[in-house]
Every structure is written in C-alpha cells, then in structure tokens.
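Remember, predicted model here, so these are calculated numbers, not experimental data.
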Amino acid sequence: MYIAAHGSSRSVGNVDLLEALVSINVLSRDYNITGVLLGSCYAGKASTTIEACIEESAIRWCVGYASSASWMEGTLIDCSILSVMSELTAEDHCDAAILTNALADAVAPFAATYPIGDDRKNRPVALKASLQAVIQPAGQGHRARNVSDQVFQAHARRQLP
C-alpha cells in the first residue's frame with residue numbers, strides 16, 4: 001500500500017497516522033497487504049508507532065521518511081521500493097535478511113548521504129538518516145523491528161569504492 005500526501009509525525013494528509021496504521025493492520029489479512037510505504041514527510045519519525053501498529057498483522061514491511069522529503073527524489077525512491085518489494089514472494093516474507101536486502105537493493109541506486117530533505121530546524125537530512133524501515137517477517141516469534149541501520153549497511157556493500 002502506498003500512501004503519499006503532505007505529512008507530519010502524527011498525520012498523513014488529514015488522517016491521523018496511528019488511525020491509518022491501525023486500520024491498515026485490521027485490513028491487511030483480508031486484502032493481502034504485505035507492505036506499506038509512507039511517502040509523506042515525517043511519517044517515518046514515528047517508527048516505534050509503526051512497529052506497534054504492524055504487530056500481528058500481515059504487514060511484513062513499512063517504510064517512511066523521518067524528515068521532510070523532496071518530492072521528485074522521494075517519489076523516485078518510493079517507486080524503486082515499490083518495484084523491488086512487489087517482486088517478493090510469500091516465502092521471501094518469512095526471512096528478515098531477504099526483506100532487509102530487498103530494501104537495500106531498492107535504495108542502492110540512491111546516495112545514502114544525499115540530503116533528501118530537512119529536519120524541523122531546516123537543517124539538511126541525509127537519506128540514510130531519514131528513511132526508516134520496519135520489518136516483521138511472517139511466522140511465529142517474529143516481532144516488528146526497525147532495520148534502517150542494517151538496510152544502509154547492506155546499501156553500502158552495493159556501492160563501488
């Protein structure tokens with residue numbers, strides 16, 4: 001599911017972020033929603049809220065920006081994430097390493113240090129500091145967790161020296 005609108009750490013468009021994520025959680029099993037991309041400024045800042053909201057759902061990954069995000073650059077990154085993650089199989093959703101590496105593959109074409117946007121004090125924020133990725137592999141015993149650092153470690157391994 002792709003949600004793109006003006007946002008904040010509490011809302012996406014005119015919708016409360018918590019309410020939206022809880023609703024998506026409820027609908028995820030019936031409608032086979034396995035991923036959520038929050039293409040809105042600051043929506044990823046609430047990564048602990050994202051973790052809590054996707055627990056015990058069919059959602060296997062959720063990504064958002066913790067800063068503002070430049071529209072064109074953010075849209076290109078969003079498209080890359082959607083492209084790569086939509087190719088995953090149900091079996092792939094059971095493996096944390098596959099989910100993390102798929103997200104790294106999706107952002108590999110983009111510089112981790114590129115200033116994707118600004119923080120609340122209008123200071124530039126690098127992509128690797130802004131993009132927040134939460135995964136919850138399928139299967140018992142898996143809990144939602146933020147894997148942003150692991151995604152960008154894998155991203156670095158995909159770059160030429």
Side-chain angles (χ1 to χ4, degrees), residues 1-25 27-28 33-55 57-88 93 96 98-136 144-160:
M1 174 172 282
Y2 183 39
I3 302 171
H6 291 290
S8 71
S9 58
R10 295 182 184 195
S11 66
V12 177
N14 293 327
V15 178
D16 180 81
L17 180 60
L18 180 59
E19 285 181 36
L21 289 170
V22 168
S23 296
I24 295 166
N25 177 330
L27 297 171
S28 67
I33 301 170
T34 58
V36 177
L37 180 53
L38 302 169
S40 301
C41 297
Y42 300 103
K45 194 157 188 71
S47 69
T48 54
T49 300
I50 293 169
E51 289 175 26
C53 287
I54 70 171
E55 284 287 334
S57 71
I59 300 167
R60 302 295 156 230
W61 60 272
C62 185
V63 176
Y65 298 95
S67 67
S68 68
S70 300
W71 180 80
M72 180 58 75
E73 293 85 347
T75 301
L76 292 171
I77 293 165
D78 294 352
C79 288
S80 185
I81 292 169
L82 291 170
S83 175
V84 170
M85 300 308 282
S86 67
E87 295 295 321
L88 296 178
H93 289 142
I98 290 173
L99 291 168
T100 301
N101 283 313
L103 288 166
D105 289 342
V107 296
F110 307 95
T113 56
Y114 181 80
I116 190 64
D118 296 322
D119 66 14
R120 298 272 186 206
K121 294 181 180 178
N122 292 320
R123 295 176 297 207
V125 177
L127 176 61
K128 71 179 178 181
S130 181
L131 194 74
Q132 299 298 300
V134 174
I135 63 166
Q136 175 185 237
R145 64 187 172 98
N146 188 312
V147 293
S148 304
D149 290 341
Q150 295 93 319
V151 167
F152 281 98
Q153 288 168 3
H155 172 279
R157 292 189 296 272
R158 287 157 172 75
Q159 306 302 305
L160 293 173

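Pairing each heavy atom of Ser80 with each of Phe110, the nearest pair is CB-CE1, 3.8 Å. When every heavy atom of Ala126 is checked against every heavy atom of Ala112, the shortest pair comes out as CB-O, 3.6 Å. Annotation for Tyr65 and Gly74: closest pair OH-O, 3.3 Å, computed over non-hydrogen atoms. Smallest separation of non-hydrogen atoms from Ile24 and Val36: CG2-CG2, 3.8 Å. In plain terms, the two heavy atoms of Ile81 and Ala106 that are nearest each other are CA-CB, 3.6 Å. The two residues Gly44 and Gln132 come nearest to each other via the heavy atoms O-CG, 3.4 Å.
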Next on the checklist: side-chain contact (heavy atoms from CB on, under 4.5 Å), that's the test. Do Ser57 and Gln136 meet it? Break it down for me.
Outcome noted: CA-CA 9 Å; Ser57 71; Gln136 175 185 237; 3.8 Å; yes
Item to check | Verdict with supporting geometry, Cys62 and Leu38, side-chain contact (heavy atoms from CB on, under 4.5 Å) | outcome: CA-CA 7 Å; Cys62 185; Leu38 302 169; 4.0 Å; yes
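Of the possible donor and acceptor atoms, one in the side chain of Ser86 sits under 3.5 Å from a partner among the backbone N and O of Ser83. Between the Asn25 side chain and the Glu55 main chain, a donor and an acceptor come within less than 3.5 Å of each other. Between the side chain of Ser130 and the backbone N or O of Ala66 there is at least one donor-acceptor pair closer than 3.5 Å. The closest donor-acceptor contact from the side chain of Ser40 to the backbone of Ala5 lies under 3.5 Å.
With rounding to the nearest 0.5 Å, the separation of CG in Leu127 from OG in Ser67 is 8.5 Å. Residue Ile135 holds its CD1 atom at 7.5 Å from CD of Gln150, rounded to the nearest 0.5 Å. Rounding to the nearest 0.5 Å places CG of Asp78 at 8.5 Å from CG of Leu131. Between Ser68 atom OG and His6 atom NE2 the span is 12.0 Å, to the nearest 0.5 Å. For the atom pair CG (Leu27) and CD1 (Ile33), the distance works out to 5.5 Å, reported to the nearest 0.5 Å. Distance check, rounded to the nearest 0.5 Å: CG of Leu18 to CZ of Arg10 gives 11.0 Å.
Counting heavy atoms from C-beta outward, Leu88 and Met85 have side chains that approach closer than 4.5 Å. Between Ile77 and Ile116, some side-chain heavy-atom pair lies under the 4.5 Å cut-off. Between Asp16 and Ser11 there is no side-chain heavy-atom pair separated by less than 4.5 Å. By the 4.5 Å heavy-atom criterion applied to side chains, Ile54 and Arg60 are not counted as neighbours.
Val151 pairs in a side-chain contact (heavy atoms from CB on, under 4.5 Å) with only one of the listed residues (Asn101, Asn146, Asp105, Thr100), which is Thr100.
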